[in-house]
K.L.:
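Below is a structure I'd like to ask you about.
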Amino acid sequence: MDIEETMVHLTVDIGGRPGVDCRGFCAYCYFKHVKDVPPFGCRYCLPFLKGCDYCSRGVKEEYSGFLPLRTVAESFLADLQMVTEDVTRITISGGGDPSCYPDFRDLVELLGTLDIPLHIGYTSGKGFDEPEIADFLVENHLTEVSFTVFAADAELRKKWMHDPTPEASLEIIRRLAKKIDVYAAVVVLPDVNDGDVLTKTLSWFSDIGVKGVILMRFANQPEQGLILDNAPILPGQRIHTVEEFSDLVQASAAAFPHLRISGTPLYDPLFDSPFAIRKMPELLDHLPKINKKATIITGSVAATYIKEIIRSRGGDPDSVIAVNKEIACLITIKDLTSLNLQDLSDTVIIPGRAFVHDAEAEKVLSRDGVYRTVIRGPEMLSADGETSMGMTEVDVLTMEMEGFSTLIRLINQYGSTT
């Protein structure tokens with residue numbers, strides 16, 4: 001259970017295991033076929049020890065199961081007593097699906113007595129079998145929920161999400177959307193729930209009053225982010241290229257202007273993000289000038305955008321090098337071993353959230369006999385569509401300005417003059 005520092009929010013962690021405590025894996029679930037991979041290393045590891053709780057257990061969302069209600073309640077009440085200001089939101093979250101938590105009703109009733117807005121961070125709804133649960137949730141101060149839908153077609157939902165009561169789940173979404181903020185998530189599989197199926201689903205969302213929709217590109221290969229030795233999830237399943245998916249998101253947003261639609265890994269049409277500042281010279285001019293050189297390692301999706309911004313501040317765009325991993329924060333040591341060391345400067349900046357141990361990165365990137373200093377960069381340079389869905393344009397631009405200011409300061413502090 002975590003207390004956010006900048007806002008008075010509490011997160012209630014109920015535990016649970018993906019694929020186990022959710023009535024079984026959805027056919028396309030990221031956590032299907034996960035192997036017992038060794039720790040990756042990450043920003044939380046000790047300098048002399050590769051592997052910590054986050055990069056060995058947390059990334060796989062490994063729990064022993066749902067936590068008992070008593071344990072959850074005692075932990076929550078202990079954190080509540082530590083808060084000196086009014087709590088503005090409580091979020092229920094966990095590795096398992098909250099709708100499948102055995103004591104879900106009792107937990108919601110307990111939290112409901114506090115008269116604090118309640119938020120469910122994620123649910124597939126597969127554990128909800130009766131539509132009246134929607135009324136119960138609203139009565140107990142639920143104000144926001146992120147609901148995985150897949151399709152408004154009950155048969156498709158049943159087949160691909162393995163929902164035993166898909167009609168009830170869709171009715172719950174409909175009822176909730178009338179009363180609270182419902183954000184729908186759709187993992188898009190080409191030739192399954194895109195095309196006419198997606199159009200019908202978005203039309204249904206628009207009709208019932210869904211607040212926003214996050215379209216999520218299906219990932220099926222290691223380079224798309226399957227780092228737990230679990231690819232492919234669906235052998236033979238076609239996937240959208242990043243460009244195809246970005247076009248799909250943009251077309252969907254244009255076709256349904258009353259819906260807030262964004263996509264991950266690309267893109268958010270409302271803010272032209274990620275990397276919205278690239279087209280705002282008045283903001284770029286406020287970034288520090290680059291006066292030294294360092295290699296910036298990133299993912300293939302972000303590389304083109306980062307090059308453009310680095311060039312605008314006097315830096316060498318060739319200093320930005322993409323690995324064969326699309327998402328920068330999912331870079332592992334395997335990605336670094338594939339780099340051509342002759343392309344690297346003496347200082348190498350890796351993504352702040354990369355799953356790499358710093359000492360191991362220095363060893364791998366210096367294996368040609370040239371010692372290279374490895375610096376961990378900012379945790380985020382921009383917000384993908386999943387993150388920006390809950391942000392304002394000012395929030396997005398502020399994040400980007402802060403991220404790139406930090407990155408450039410690292411270049412100027414640790415980089416070389418040649």
Side-chain angles (χ1 to χ4, degrees), residues 12 14 16 21-24 26 88-94 96-188 193 197-216 252 256-262 386 389-390:
V12 180
I14 59 175
D21 298 311
C22 58
R23 284 187 163 177
C26 295
T88 54
R89 187 174 76 179
I90 299 171
T91 298
I92 300 174
S93 186
D97 190 322
S99 70
C100 298
Y101 185 56
D103 299 307
F104 180 75
R105 282 180 174 267
D106 291 338
L107 175 61
V108 170
E109 284 184 335
L110 172 64
L111 300 175
T113 62
L114 301 174
D115 292 337
I116 297 172
L118 187 61
H119 170 219
I120 298 178
Y122 151 81
T123 184
S124 70
K126 292 195 294 186
F128 295 147
D129 293 330
E130 300 295 337
E132 58 81 26
I133 191 72
D135 305 316
F136 167 80
L137 289 169
V138 173
E139 290 167 2
N140 283 278
H141 309 293
L142 183 71
T143 59
E144 182 179 325
V145 61
S146 298
F147 213 116
T148 295
V149 182
F150 191 73
D153 183 313
E155 288 303 312
L156 281 176
R157 180 179 168 89
K158 183 175 184 177
K159 177 180 178 180
W160 290 91
M161 293 186 66
H162 304 147
D163 186 350
T165 55
E167 294 85 358
S169 299
L170 294 173
E171 174 61 17
I172 290 165
I173 296 169
R174 188 187 66 79
R175 291 190 186 188
L176 288 175
K178 287 184 176 181
K179 301 289 184 64
I180 67 170
D181 291 343
V182 173
Y183 291 90
V186 178
V187 177
V188 183
N193 66 334
V197 175
L198 180 59
T199 298
K200 291 177 181 177
T201 299
L202 294 175
S203 179
W204 183 69
F205 288 155
S206 182
D207 291 342
I208 67 174
V210 164
K211 183 84 171 180
V213 183
I214 175 71
L215 301 179
M216 311 176 78
S252 298
F256 295 92
H258 298 299
L259 273 179
R260 173 74 169 94
I261 297 177
S262 65
E386 188 172 7
M389 172 66 75

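Owing to the predicted nature of the structure, the values given are computational and were not obtained by experimental measurement.
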K.L.:
Does a side-chain heavy-atom distance below 4.5 Å link Asn193 with Thr201?
P.N.:
no
K.L.:
Which distance, rounded to the nearest 0.5 Å, do you find between the CD of Glu167 and the CD1 of Ile172?
P.N.:
11.5 Å
K.L.:
Give a yes or no answer on whether the side chain of Ser206 reaches the backbone of Leu202 with a donor-acceptor pair at less than 3.5 Å.
P.N.:
no
K.L.:
Checking Glu386 against Met216 for the side-chain contact (heavy atoms from CB on, under 4.5 Å) test, could you report, in this order, the C-alpha distance in whole Å, the side-chain angles of both residues, the deciding distance, and whether it holds?
P.N.:
CA-CA 8 Å; Glu386 188 172 7; Met216 311 176 78; 3.9 Å; yes
K.L.:
Within a strict 4.5 Å, meaning less than it, do heavy atoms of the Pro131 and Arg175 side chains meet?
P.N.:
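Pro131 vs Arg175: side chains touch.
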K.L.:
Indicate yes or no: at least one non-hydrogen side-chain atom of Ser93 is less than 4.5 angstrom from one of His119.
P.N.:
no
K.L.:
Return the CD1 to CD1 distance between Ile116 and Ile90, rounded to the nearest 0.5 Å.
P.N.:
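Nearest 0.5 Å value for the CD1-CD1 distance: 4.0 Å.
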K.L.:
Do Tyr101 and Leu107 come within less than 4.5 Å of each other through their side chains, counting heavy atoms only?
P.N.:
yes
K.L.:
Atom OG1 of Thr143 and atom CG of Leu137: how far apart are they, to the nearest 0.5 Å?
P.N.:
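That separation rounds to 11.0 Å.
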K.L.:
Do the side chain of Lys126 and the main chain of Met161 share a donor and acceptor less than 3.5 angstrom apart?
P.N.:
yes
K.L.:
Walk me through it: do Leu170 and Val149 pass the test side-chain contact (heavy atoms from CB on, under 4.5 Å)?
P.N.:
CA-CA 8 Å; Leu170 294 173; Val149 182; 4.2 Å; yes
K.L.:
For the aromatic rings, using the six-membered ring if either is Trp, is the centroid distance between Phe256 and Phe205 under 6.0 Å?
P.N.:
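Ring-ring flag for Phe256/Phe205: false, centres at least 6.0 Å apart.
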K.L.:
Does Arg105 form a salt bridge (charged side-chain N to carboxylate O under 4.0 Å, His left out) with Glu132? I'd like the steps, not just the answer.
P.N.:
CA-CA 12 Å; Arg105 282 180 174 267; Glu132 58 81 26; 2.3 Å; yes
K.L.:
If you look at every heavy atom in Leu215 and Ile261, which pair is closest and at what distance?
P.N.:
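It is CD1-CG2, 4.0 Å.
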K.L.:
About how many Å separate CG of Leu156 and NZ of Lys200, when rounded to the nearest 0.5 Å?
P.N.:
10.0 Å
K.L.:
Before giving the answer on side-chain contact (heavy atoms from CB on, under 4.5 Å), spell out for Asp115 and His141 the whole-Å C-alpha distance, their side-chain angles and the decisive distance to 0.1 Å.
P.N.:
CA-CA 7 Å; Asp115 292 337; His141 309 293; 2.8 Å; yes
K.L.:
For Thr91 and Gly121, which heavy atoms make the closest approach, and how far apart are they?
P.N.:
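Heavy atoms of Thr91 and Gly121 come nearest at CG2-N, 3.8 Å.
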K.L.:
Test your reading of the model: is there a side-chain donor-acceptor pair from Asp21 to the backbone of Asp97, 3.5 Å cut-off?
P.N.:
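Side chain of Asp21 to backbone of Asp97, a donor-acceptor pair under 3.5 Å: no, none is there.
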K.L.:
Is any side-chain heavy atom of Val108 closer than 4.5 Å to a side-chain heavy atom of Ile92?
P.N.:
yes
K.L.:
Donor-acceptor pair, distance only, cut-off 3.5 Å: does the side chain of Arg157 make one with the backbone of Ala152?
P.N.:
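Looks like no, no N/O pair under 3.5 Å.
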K.L.:
Set out, in order, the CA-CA distance, both residues' side-chain angles and the distance that settles salt bridge (charged side-chain N to carboxylate O under 4.0 Å, His left out) for Asp153 and Lys159, then state yes or no.
P.N.:
CA-CA 10 Å; Asp153 183 313; Lys159 177 180 178 180; over 6 Å; no
K.L.:
Taking the side chain as C-beta and beyond, is there a heavy-atom pair between Thr199 and Trp204 under 4.5 Å?
P.N.:
no
K.L.:
Under a 4.5 Å cut-off applied to non-hydrogen side-chain atoms, are Met389 and Ser262 in contact?
P.N.:
yes
K.L.:
Between Phe136 and Glu109, is there a side-chain heavy-atom distance shorter than 4.5 Å?
P.N.:
yes
K.L.:
Taking atom CG of Leu176 and atom CG of Asp181, what is their separation to the nearest 0.5 Å?
P.N.:
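Spacing of CG (Leu176) from CG (Asp181) equals 11.0 Å.
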K.L.:
Just how far is it from atom CZ of Phe150 to atom CG of Leu198, taken to the nearest 0.5 Å?
P.N.:
10.5 Å
K.L.:
Does the side-chain contact (heavy atoms from CB on, under 4.5 Å) test come out yes or no for Asp163 and Thr165, once each step is laid out?
P.N.:
CA-CA 6 Å; Asp163 186 350; Thr165 55; 3.7 Å; yes
K.L.:
For salt bridge (charged side-chain N to carboxylate O under 4.0 Å, His left out), just list the numbers for Glu171 and Arg174, CA-CA rounded to whole Å, side-chain angles, deciding distance to a tenth of an Å, and then say yes or no.
P.N.:
CA-CA 5 Å; Glu171 174 61 17; Arg174 188 187 66 79; 2.4 Å; yes
K.L.:
Do side-chain atoms of Ser99 reach the backbone of Gly127 as a donor and acceptor pair under 3.5 angstrom?
P.N.:
yes
